[in-house]
Amino acid sequence: MQQAATLQQQQLSQQQDFDPVHRFKMLIPQLKESLQNVMKIASLNMGHNTSIDNGIKSSDASVQRFDKSLEEFYALCDQLELCLRLAYECLSQSIDSAKHSPNLVPTATKPDTVQTESLSYSQYLSMIKSQISCAKDIHNALLECSKKIAGKCQPQGIL
């Protein structure tokens with residue numbers, strides 16, 4: 001019983017790792033902490049440099065590296081940007097999928113989920129055949145264009 005619960009938790013955590021929105025939410029606190037660290041180090045370095053400029057301290061004291069903390073902040077920003085782009089791409093694919101195949105085909109395993117706007121299997125097959133035909137037409141058009149381009153790029157005979 002406990003093994004099943006542990007297995008379920010592992011599967012949930014793996015699923016959440018792939019969810020870009022969940023990953024984004026997990027990275028926000030790290031980003032806030034990193035920004036605070038950047039500001040703290042910048043403040044300390046500014047104070048240290050001011051003391052050196054005023055002749056109060058010598059430059060022998062060790063200071064934290066601002067560039068490393070800034071690099072960490074930018075790395076987190078890049079990860080957040082990737083998460084947002086991935087989430088946007090997932091949403092776009094979902095919208096396109098709903099637009100190009102809006103009606104579901106009822107399955108035999110879940111007959112209670114049949115909706116009034118569901119497609120019959122024969123309607124679904126005809127829709128898929130038309131999509132395949134369209135994809136073949138696009139493929140043939142691209143092949144034809146590539147052959148024309150290849151034919152124009154070949155050197156003409158020497159005159």
Side-chain angles (χ1 to χ4, degrees), residues 1-119 121 123-124 127-128 130-139 141-143 145-146 149:
M1 183 76 171
Q2 190 175 3
Q3 289 177 346
T6 306
L7 181 64
Q8 188 178 15
Q9 286 176 347
Q10 288 175 349
Q11 289 174 346
L12 181 62
S13 107
Q14 288 175 352
Q15 186 179 16
Q16 289 174 344
D17 287 344
F18 294 119
D19 182 18
V21 175
H22 179 73
R23 179 133 173 82
F24 179 83
K25 289 178 181 178
M26 298 283 288
L27 287 173
I28 290 294
Q30 292 177 16
L31 183 70
K32 287 180 182 177
E33 183 180 319
S34 178
L35 181 60
Q36 288 173 351
N37 190 34
V38 166
M39 292 299 155
K40 182 181 93 175
I41 291 173
S43 172
L44 291 173
N45 286 351
M46 182 83 81
H48 180 73
N49 288 341
T50 302
S51 298
I52 291 173
D53 289 344
N54 292 335
I56 298 171
K57 287 185 179 178
S58 65
S59 63
D60 295 338
S62 64
V63 291
Q64 292 180 325
R65 299 273 311 256
F66 176 74
D67 57 340
K68 287 190 179 191
S69 63
L70 190 62
E71 188 65 35
E72 178 187 329
F73 176 76
Y74 281 142
L76 285 169
C77 287
D78 290 343
Q79 288 180 26
L80 287 170
E81 181 183 7
L82 289 174
C83 287
L84 289 175
R85 286 180 189 225
L86 181 60
Y88 177 76
E89 193 64 33
C90 290
L91 179 65
S92 296
Q93 286 183 0
S94 176
I95 290 171
D96 288 344
S97 176
K99 183 171 83 173
H100 296 295
S101 181
N103 301 322
L104 302 175
V105 176
T107 61
T109 58
K110 297 183 181 178
D112 57 332
T113 61
V114 176
Q115 299 172 352
T116 57
E117 61 265 351
S118 294
L119 293 175
Y121 188 70
Q123 290 172 324
Y124 177 74
M127 180 183 69
I128 296 299
S130 69
Q131 289 177 348
I132 291 172
S133 172
C134 181
K136 284 182 181 178
D137 291 345
I138 292 170
H139 180 262
L142 289 172
L143 280 176
C145 286
S146 68
I149 290 172

side-chain contact (heavy atoms from CB on, under 4.5 Å) partners of I95, counting only residues at least two apart: L91
Distance in Å, E72 CD paired with L70 CG, rounded so as to fall on 0.5 Å steps: 10.0 Å
Pairing residues for E81 by the salt bridge (Lys or Arg N to Asp or Glu O under 4.0 Å) criterion, not counting sequence neighbours: R85
From CZ (F24) to CG (L84), nearest 0.5 Å: 4.5 Å
Contacts of type side-chain contact (heavy atoms from CB on, under 4.5 Å), residue Q123, not counting sequence neighbours: L119, S120
Approximate separation, where rounding is to 0.5 Å, of S130 OG and D137 CG: 11.0 Å
pair D67-E71: side-chain heavy atoms closer than 4.5 Å: no
Listed once per pair and sorted, the salt bridge (charged side-chain N to carboxylate O under 4.0 Å, His left out) pairs that draw on residues 86-95, sequence neighbours left out: none
Main-chain N/O of Y88 paired to S92 side chain as donor or acceptor, under 3.5 Å: yes
Could you tabulate the donor-acceptor pairs under 3.5 Å formed by side-chain atoms of residues 27-47, not counting sequence neighbours?
residue, atom, partner, partner atom, Å
S34, OG, F73, N, 3.4
N45, ND2, Q64, O, 3.2

D78: partners by side chain to side chain donor-acceptor pair (under 3.5 Å), with sequence neighbours left out: none
All side-chain contact (heavy atoms from CB on, under 4.5 Å) counterparts of N54, not counting sequence neighbours: T50, I56
With sequence neighbours excluded, residues passing side-chain contact (heavy atoms from CB on, under 4.5 Å) with I132: I128, K136
Residues forming a salt bridge (Lys or Arg N to Asp or Glu O under 4.0 Å) with D96, sequence neighbours excluded: none
